[in-house]
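Reading through the structure tokens given below for one structure.
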Amino acid sequence: MFKLAKERGYLRKLYIIGGNINDITSKYSNETDIISLGRINDKNEVYRILSKAKVNIYPSISDAFGITILESLGVYTPVVMYYNEANYEYFSKSKTCKNS
């Protein structure tokens, strides 16, 4: 998703929060536009980062209900996510969501 958004001029940098820092760092070590922040334990810091983001890319195709989605919407940051039935059921009727 990030590469397509970057190619079309929508996004310039991708910040990754969480995940296995070694896997992420080694996978994207040559990318200057991808920055891994690692795991952040301070929720206020997470909210500060999310509130400054233009969009939250939620890459899971199997999570039934990610708290990250609610955290992003709570600070008015839009979320781009793959379709899965659970998330569609939870969010499709919300005024904050647009289905494509």
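What you see below is based on every heavy atom in this structure, not just the backbone, and it leaves out hydrogens, waters and symmetry mates.
- Atom CG of L14 sits about 8.5 Å away from atom CD1 of I35, to the nearest 0.5 Å.
- For Y83, the OH atom is densely surrounded, since the number of other residues' heavy atoms within 6.0 Å is greater than 12.
- More than 12 heavy atoms of other shown residues, nucleotides or ligands fall within 6.0 angstrom of atom CD in E45.
- Rounded to the nearest 0.5 angstrom, I40 CD1 and L50 CG are separated by 8.5 Å.
- The closest side-chain heavy-atom distance from Y58 to V80 is not below 4.5 Å.
- Counting only heavy atoms from C-beta outward, the side chains of V55 and V79 never approach each other to under 4.5 Å.
- Formation of a donor-acceptor pair under 3.5 Å by the T77 side chain with backbone atoms of L73 is not found in this model.
- None of I57, I69, N56 except one satisfies the side chain to side chain contact (heavy atoms under 4.5 Å, CB included) rule with M81; the exception is I69.
- Atoms CD1 and OG, from I49 and S72 in turn, are 11.5 Å apart once rounded to the nearest 0.5 Å.
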